[in-house]
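If you read the sequence from its start, that first residue is 1, and numbering goes on from there. Predicted, not measured: the structure shown is a model, and the values here were computed from it.
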Amino acid sequence: MTLTITAQTISITSIEQLNELSGENVKLCMQCATCTGMCPMTAEMDLSPRTVMHLVQFGMLDRLGDSNTCWKCASCHACTVKCPRGIDIAKVMEALRQHVLRTNRNYIEPSALPAERIAELPQIALVAAFRKLTS
Ligand code: SF4
Ligand code: SF4
């Protein structure tokens, strides 16, 4: 995924919105990449947690909505406990998901899942997925 940062794409409003949604101050990030090093899901992500933090510092929430990173985040908090700036990155990932879900967009469509797949998957996994990935 190619993301270009220009003066036009920087949104102070979006930075403030994300800080309010997450309860964190993303401006504190110093781009050390410890979060990426700790994350067990980076192989599945199209943008690393460090890159996501870099882009949220420019308020590029809409562009990040096209990334799979916040959806692949397992909310394990490994990044959070090691961040030297004390940022709860898992909360930032949750805020990014909320930003998308509040526009009534789903990451998965329950109605599009094949009936046989629904029958074979653990029900608790489906419930957890629907709570995390649907608006
Ligand atoms: S560990 Fe913290 S300070 Fe370092 S890049 Fe990640 S969010 Fe930023
Ligand atoms: S909370 Fe998410 S971003 Fe942080 S280490 Fe776990 S999977 Fe990676």
Side-chain angles (χ1 to χ4, degrees):
M1 169 183 276
T2 302
L3 292 170
T4 305
I5 299 171
T6 67
Q8 287 72 34
T9 58
I10 298 172
S11 170
I12 302 298
T13 305
S14 293
I15 298 168
E16 291 169 350
Q17 182 188 17
L18 190 79
N19 281 346
E20 186 178 345
L21 264 176
S22 67
E24 300 299 306
N25 181 0
V26 298
K27 294 177 189 167
L28 293 176
C29 173
M30 61 181 186
Q31 289 292 292
C32 68
T34 301
C35 47
T36 298
M38 296 304 300
C39 181
M41 297 300 291
T42 50
E44 306 293 327
M45 295 170 169
D46 55 7
L47 297 174
S48 70
R50 181 205 65 78
T51 305
V52 167
M53 292 303 297
H54 190 50
L55 295 176
V56 296
Q57 289 183 309
F58 292 100
M60 297 175 68
L61 305 193
D62 292 336
R63 300 291 296 276
L64 283 166
D66 296 328
S67 164
N68 72 5
T69 298
C70 68
W71 307 103
K72 296 293 182 181
C73 170
S75 304
C76 70
H77 292 263
C79 53
T80 297
V81 298
K82 291 292 186 182
C83 175
R85 300 310 300 267
I87 303 170
D88 191 333
I89 301 138
K91 281 188 179 175
V92 175
M93 295 293 180
E94 170 64 15
L96 287 169
R97 292 194 291 270
Q98 288 300 316
H99 177 73
V100 174
L101 296 175
R102 287 181 180 196
T103 63
N104 286 331
R105 279 191 288 161
N106 293 335
Y107 189 67
I108 59 170
E109 284 299 336
S111 61
L113 289 173
E116 59 273 16
R117 181 61 66 85
I118 291 176
E120 70 190 20
L121 287 171
Q123 295 301 297
I124 188 68
L126 285 172
V127 171
F130 294 159
R131 288 168 70 180
K132 178 179 175 180
L133 305 173
T134 62
S135 60

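Looking at heavy atoms from C-beta onward, E44 lies out of side-chain contact with N68 at the 4.5 angstrom threshold. Counting heavy atoms from C-beta outward, V92 and M53 have side chains that approach closer than 4.5 Å.
Distance alone, capped at 3.5 Å, is enough to place a donor-acceptor pair between the N19 side chain and the V26 backbone.
For residues 110-135, the set of pairs meeting the salt bridge (charged side-chain N to carboxylate O under 4.0 Å, His left out) definition, not counting sequence neighbours, comprises R117-E120. Applying the ring-ring contact (aromatic ring centres under 6.0 Å, His included) definition to pairs two or more places apart or across chains, none involves residues 114-135. Note on residues 32-42: no pairs pass salt bridge (charged side-chain N to carboxylate O under 4.0 Å, His left out), not counting sequence neighbours. Screening residues 18-31 for salt bridge (charged side-chain N to carboxylate O under 4.0 Å, His left out) gives no qualifying pairs among residues at least two apart or on separate chains. Pairs engaging residues 82-93 under the salt bridge (charged side-chain N to carboxylate O under 4.0 Å, His left out) rule: none recorded [sequence neighbours left out].
Atoms OG and CZ, from S135 and R105 in turn, are 10.0 Å apart once rounded to the nearest 0.5 Å. One distance of note links CG of L55 with OG of S14; it measures 12.5 Å at 0.5 Å rounding. Between the SG atom of C79 and the CD1 atom of I89 there is a distance of 4.0 Å, given to the nearest 0.5 Å. Note: L47 CG to T42 OG1 = 12.0 Å, rounded to the nearest 0.5 Å. Atom OG1 of T69 and atom CG of L96 lie 9.0 Å apart (nearest 0.5 Å).
Its side chain outside the 4.5 Å cluster rule for every partner, L21 clusters with none of the Ile, Leu, Val, Met, Phe, Trp and Tyr residues.
For Q98, the side-chain hydrogen bond (donor to acceptor under 3.5 Å, both in side chains) partners two or more places apart in sequence, or in a different chain, are E94. Contacts of E109 classified as side-chain hydrogen bond (donor to acceptor under 3.5 Å, both in side chains), with partners at least two apart in sequence or in another chain: N106. Residues passing the side-chain hydrogen bond (donor to acceptor under 3.5 Å, both in side chains) test with S111: none are found, sequence neighbours excluded. In this view, Y107 and W71 satisfy the ring pair (Phe, Tyr, Trp, His ring centres under 6.0 Å) rule, not counting sequence neighbours. In this structure, the side-chain contact (heavy atoms from CB on, under 4.5 Å) partners of A129, at least two apart in sequence or on a different chain, are I108, L133.
The two residues A78 and V81 have their closest heavy-atom pair at O-CG2, 3.3 Å. Minimum interatomic distance between I15 and V56 (heavy atoms only, all atoms of both residues): CG1-O, 3.6 Å. R97 and C70 make their closest contact through NH1-O, 2.7 Å (heavy atoms, listed as atom of the first residue, atom of the second, distance).
At a threshold of 4.5 Å between side-chain heavy atoms, the hydrophobic network of Ile, Leu, Val, Met, Phe, Trp and Tyr places L18 and V100 in two separate groups. Clustering ILVMFWY residues whenever any of their side-chain heavy atoms sit less than 4.5 angstrom apart, transitively, puts M60 in the very cluster that holds I87.
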Please list every donor-acceptor pair under 3.5 Å in which a side-chain atom of residues 28-39 meets a protein atom from a residue at least two apart or in another chain.
unit_1, atom_1, unit_2, atom_2, d
Q31, OE1, R50, NH1, 2.2
Q31, NE2, R50, O, 3.2
T36, OG1, R50, N, 3.0

